[in-house]
Every structure is written in C-alpha cells, then in structure tokens.
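Take a look at the structure set out below.
Just the heavy atoms: all of them, side chains too, but no hydrogens, waters or symmetry mates, feed the values below. In what follows, chains carry the letters A, B, and so on, assigned in the order in which the sequence lines appear, proteins first and then strands, with residues in each chain numbered from 1.
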There are 2 protein chains.
Amino acid sequence: MSQSNAADTCQIPCFDQDKVGKIQKKLLNDEARLPELAEFYKLLGNTNRLKILMSLADSELCVCDIAHVLGLSTAATSHQLKLLRDKGWLKMRNDGKMVYYRLNSVDLLSALKTDLKLLQQKLG
Amino acid sequence: MSQSNAADTCQIPCFDQDKVGKIQKKLLNDEARLPELAEFYKLLGNTNRLKILMSLADSELCVCDIAHVLGLSTAATSHQLKLLRDKGWLKMRNDGKMVYYRLNSVDLLSALKTDLKLLQQKLG
DNA sequence: TGCTCATTTCGATATTTTCGAAAATGATAA
DNA sequence: TTATCATTTTCGAAAATATCGAAATGAGCA
C-alpha cells in the first residue's frame, strides 16, 4: 500500500535487471510452447510407454500382444495406449474384435533414437 | 497343480507367442537403457527446467538472475538447478559469493530445438 | 564479526501416476 | 437373440513424486 520507501530497496539485490529483461524477452518466443514441450516429455518419461513406441517400430500390434510384451494387464496397457493415441503419436485400426495399434509418426521414433544416442554419448 | 486340462486353454488367447517373443528379443538391446531414457525425459518434463536450459543458451547466469527469470525463490531455483546439474547437463562456477551456471552440453539444446520443431510440425 | 549469495535439509502439501476391478462397448459367432 | 471375446472406459485408491517455503549451513568478503 505505502509507496513511500519500498522502491529503492530491492529484496534480492544481486540481479541484473537488464540481463534478466533481455532473456525474458528472448524466451517470449518459445515460452508459449514450453508447456507443450514439457507435456511431451512427461509422456515419454515412462518406460512402458517408451517400450510401446519401440515395439511398434516395425509393424502394428494388437493390444493383447503389447500387453504381453509389457507384462501388464490389457486394461493398464489400453490406458497407456490411449495416452499416446490422444496426443496423436499412435493410430488404431479395428479388425473384427481385435484392435491394432501402429506408430503415427516416424519422426518421433527417430527423435527417441537421437536422444538415446545423446545419453549413450554422455555416459561414455 | 493339475496339468490335466489347463494347458490347452489360454487365459489370453489372442496373443501371438512368436511375435511377442521376437519383439521382446529385439527390445533386449535397448531395454536396459529405457529407464535412463525415461528419467531423462522426466527431467525435461517441467516448464521451469526447460526455461532454465533455454535461458542459458547464450551465456552463463547467476542463480539470482535465473530465479528472477523463473519467478521463483532462490531456494526453489537452486533445487531445480541441482537436478539438472546432478545429471550433468549444467556446470557451475564460483566467483566470490556468486555462483554461475552454464550449459554443459550443446547437444542437449539442439535436441530440445529438434523436439520443439517436431511438435510444431505435428500441430500444423 | 557481520553481511551476502547460494546450498541443503526438512517437511508439509499438493499433485500425479499407475493400475486393478468392474461395468460398458462393439464386433463376431452360434 | 444370446453368448463370447477383445478392448475401452470409469472409478478409485494406493503409492510415488514434485514442488517449494522455512530455516540451518557454507562460504566468500569486508
């Protein structure tokens, strides 16, 4: 409320207003996309979902087969598949009672592989 | 226990043993690395940490400046910095009382940018 | 000694994740 | 129709995790 003497004492005196301002300005471009990017990474931050993506590298699979690869129930598997499908990374195809899933983006898989290499390189 | 008539009725009859076996075999190569990869993505699955990485694109910054960019306390900022440092993505440098952080890997930033492009492309 | 920037620990809170159980869906077959 | 089967969905609960403030600690500097 009082505008008297608060202005000339900064709570955190070390910071460089100019530098901070410039960086905030620069971030503005990407800032809107960062939550999306973070969500993308959260989605990939799970071993089972990574396994799903890699399992589908060569060909489509039915839910049941994927469940066996993961060692999960079909319900749990279906849930993970839905998360990937909702974001558009997987596509499903009905064939009678069966449902087959396949990758909807080759680029995703190559991104995974690139990142895997980055890690391997980092760990020697 | 009884081996009489259990063998010919499969609890989950739809799956293709051969296919599953082949995929599990193929996954063996990468499987050991998948938890690492998942952890890597978990680390990146946070807007503040992404902001930190992007803020450091051009030059090092002190904790206090980073805290201002993020709008967090220095304690909270320091915590996030530690997570990135512990994984080897950031390096710190002491200069008097101040501590400066910088990127320890150019490749990480380019991976980020690649993934961001992948998303932009996906979203039209 | 006192001050400052940063780190660390502790802990509370909030959020998220994961997945089982069970009901619902939707296709097929008898 | 009725039964069956593969999958999906909803609900919910347990567990794991994240986030961050407060306060104690370090470490440099005057």
Contact state string [nucleotides 22-30 of chain C, B base, S sugar-phosphate only, - no protein heavy atom under 4.0 Å]:
-----SS--
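- Under the 4.0 Å criterion applied to side-chain N and carboxylate O atoms, A/E31 and B/K51 are assigned as salt-bridge partners.
- No hydrogens or angles considered: a donor-acceptor pair under 3.5 Å links the side chains of B/Y101 and B/R85.
- Straight-line distance from the CD1 atom of A/I66 to the C1' atom of D/dT8: 14 Å, rounded to whole Å.
- Distances shown here put every side-chain N or O of B/S73 at or beyond 4.0 Å from the OP1 or OP2 atom of D/dC20.
- The distance from atom CG of A/D16 to atom P of C/dC5 is 14 Å, rounded to the nearest whole Å.
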Dump the pairs, protein N or O against N or O of nucleotides 16-18 of chain C, anything under 3.5 Å, distances to one decimal.
| unit_1 | atom_1 | unit_2 | atom_2 | d |
| --- | --- | --- | --- | --- |
| C/dT18 | OP1 | A/N46 | ND2 | 2.2 |
| C/dT18 | OP2 | A/R49 | NH1 | 3.1 |

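- Of all nucleotides listed (C/dT7, D/dT7, D/dT8), C/dT7 comes nearest to the side chain of B/V63.
- B/M92 places its CE atom 10 Å from the P atom of C/dA6, with the value rounded to the nearest Å.
- Looking at B/T114 and A/T114, their side chains never come closer than 4.5 Å, going by heavy atoms from C-beta outward.
- Note: B/W89 and B/F40 have tilted aromatic rings, judged against thresholds of 30 and 60 degrees for the angle between ring planes.
- The shortest non-hydrogen separation linking A/S55 to A/V69 is OG-CG1, 3.7 Å.
- Atom P of nucleotide D/dA6 and atom CZ of A/R93 are separated by 16 Å, given to the nearest angstrom.
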Determine all donor-acceptor pairs shorter than 3.5 Å in which one atom belongs to a side chain in residues 102-112 of chain A; sequence neighbours excluded.
| unit_1 | atom_1 | unit_2 | atom_2 | d |
| --- | --- | --- | --- | --- |
| A/N104 | ND2 | A/G88 | O | 3.1 |
| A/S105 | OG | A/D107 | N | 3.3 |
| A/S105 | OG | A/L108 | N | 3.1 |
| A/D107 | OD2 | B/Q121 | NE2 | 3.1 |
| A/S110 | OG | A/D107 | O | 2.9 |

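- Whole-Å rounding puts the B/K82 NZ to C/dT9 P distance at 7 Å.
- Salt-bridge formation is not detected for the pair B/K91/B/E60: no Lys NZ or Arg NE/NH1/NH2 atom is positioned less than 4.0 Å from an Asp or Glu carboxylate oxygen.
- Interatomic distance, B/K113 NZ to B/Q120 CD, rounded to the nearest 0.5 Å: 12.0 Å.
- Regarding A/L81, its CG atom lies at a distance of 12 Å from the P atom of C/dC19, rounded to whole Å.
- Distances shown here put a side-chain N or O of B/R85 below 4.0 Å from the OP1 or OP2 atom of C/dT8.
- Between the side chains of B/D115 and A/Y41, at least one donor N or O sits under 3.5 Å from an acceptor N or O.
- When heavy atoms are screened at a 4.0 angstrom cut-off, B/Y100 is found touching no nucleic acid atom at all.
- In this structure, CG of B/D65 is placed 11 Å from P of C/dC5, rounded to the nearest angstrom.
- In this structure, A/Y101 does not reach the D/dA6 phosphate: none of its side-chain N or O atoms is under 4.0 Å from OP1 or OP2.
- Note: CG (A/L70) to P (C/dG20) measures 12 Å, nearest angstrom.
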